[in-house]
Q: 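The structure's right below; bear with me while I get my questions together.
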Amino acid sequence: MKLFKTAATLQEHLQKLKKQGLKIGFVPTMGALHNGHIALMKECKKKSDIVVCSIFVNPTQFNDKKDFEKYPITIEKDIFLLETNETDILFLPDVDEVYKEGIHQLQHFDIGYLEKILEGKYRPGHFQGVCNVVVRLLKCVQPDVIFLGKKDYQQYLVLKTMMDKLFPDIQIIAVNIQREKSGLAMSSRNARLSINARKDAAVIYKKLLFIKRNIFKKDFNLLKQDVAEDLLSHGFERIDYIELCDASTLLSTQPVKTKKMIILVAAFIEGVRLIDNLLL
Ligand code: PAF
């Protein structure tokens, strides 16, 4: 695996590969890699010739400074995982390399109502930070295809909205959520949980499945209330939302048999904010 810390050296290398007609696949990450990321790499390997991964903990997407400071950094382990999972190139820039004009000179992206709902409502500015970093990374890597996880489903829709306008030639592939045996969605944030909280947090997936089973049998508000009570009795201290949405727009919906729907949850356990979702 080749490692580059600057955009210039990365681009010089990628230009040579592109001239050979090789298809470049890109997996952007913030490190603290787990099997969810590995699934992205594997999909990338299947669908492209060259796997480029970036590790960059993007300061502009953390609306909560403490969350940024506590973000797990496991770079040695990450490099080992990438090397053993067929990654060809790792881009590991620092903040000054990505934000040459400083982290306060951000571009504004029009992502419409997606910025104000669900994650956007609870994490103001988050998606502007995500768009800013992904645009910068895309300009450096200029991939043919980018791989994004469905756990951050709203992020996927936000990036699709932005990229359809600014990078229409780059294909986007969304990869399914990877789960622990318990059902807990894999996330870098899980590393911050105690063993007990990790066990308790698996209740989110159980309740997502419970909603799925009952969506056309019971009133959604009653289902929501049941789920909220169960999360709170399993050690969750705060619930930001439990929503049923249209999967293509993320607008809130009533259960409709003909519609592709998604249930999304965001809740805190041991001060760690977890998100999960289930497509119906
Ligand atoms: O999903 C993530 O890990 C990040 O939001 C991303 C897309 C790498 C941008 O920093």
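When a residue number appears, it is its place in the shown sequence, counting from 1. Numbering of ligands and ligand atoms starts at 1, following listing order. Keep in mind that the numbers below use all heavy atoms, side chains included, and drop hydrogens, waters and symmetry copies.
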Q: Does any non-hydrogen side-chain atom of D226 lie less than 4.5 Å from one of I211?
A: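 No - every pair of side-chain heavy atoms lies 4.5 Å or more apart.
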
Q: Would you mind listing which atoms of ligand 1 come within a distance below 4.0 Å of any non-hydrogen atom of Q61?
A: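 Answer, ordered by atom number: 4 (C), 5 (O), 9 (C), 10 (O).
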
Q: Would you kindly check if the NZ (Lys) or CZ (Arg) of K150 is within the cone defined by 45 degrees around the ring axis of Y153 and under 6.0 Å from the six-membered ring centre?
A: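 Verdict for Y153: no cation-pi partner in K150.
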
Q: Which of the atoms of ligand 1 are close to V133, meaning less than 4.0 Å from one of its heavy atoms?
A: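 By the 4.0 Å cutoff, the relevant atoms are 9 (C), 10 (O).
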
Q: State the atoms of ligand 1, each with its element, that fall below the 4.0 Å cut-off from a heavy-atom position in Q155.
A: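 Numbered from 1, ligand 1 contributes 1 (O), 2 (C), 4 (C), 5 (O), 7 (C).
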
Q: Just let me know how T29 lines up against ligand 1, side chain, backbone, both or neither, with a heavy-atom cut-off below 4.0 Å.
A: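 Contact part for T29 vs ligand 1: backbone (N, CA, C, O).
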
Q: Go through the steps for E119 and L264 under the test side-chain contact (heavy atoms from CB on, under 4.5 Å), then give the verdict.
A: CA-CA 10 Å; E119 290 301 284; L264 304 108; over 6 Å; no

Q: Do side-chain atoms of K23 reach the backbone of K47 as a donor and acceptor pair under 3.5 angstrom?
A: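 The answer is yes, because a donor-acceptor pair under 3.5 Å joins these two groups.
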
Q: With the side chain counted from C-beta on, respond yes when Q154 and I117 share a heavy-atom pair under 4.5 Å apart, and no when they do not.
A: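 With C-beta onward as the side chain, the pair touches.
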
Q: Distance under 4.0 Å to a non-hydrogen atom of P28: what atoms of ligand 1 satisfy this?
A: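 Answer for ligand 1: 8 (C).
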
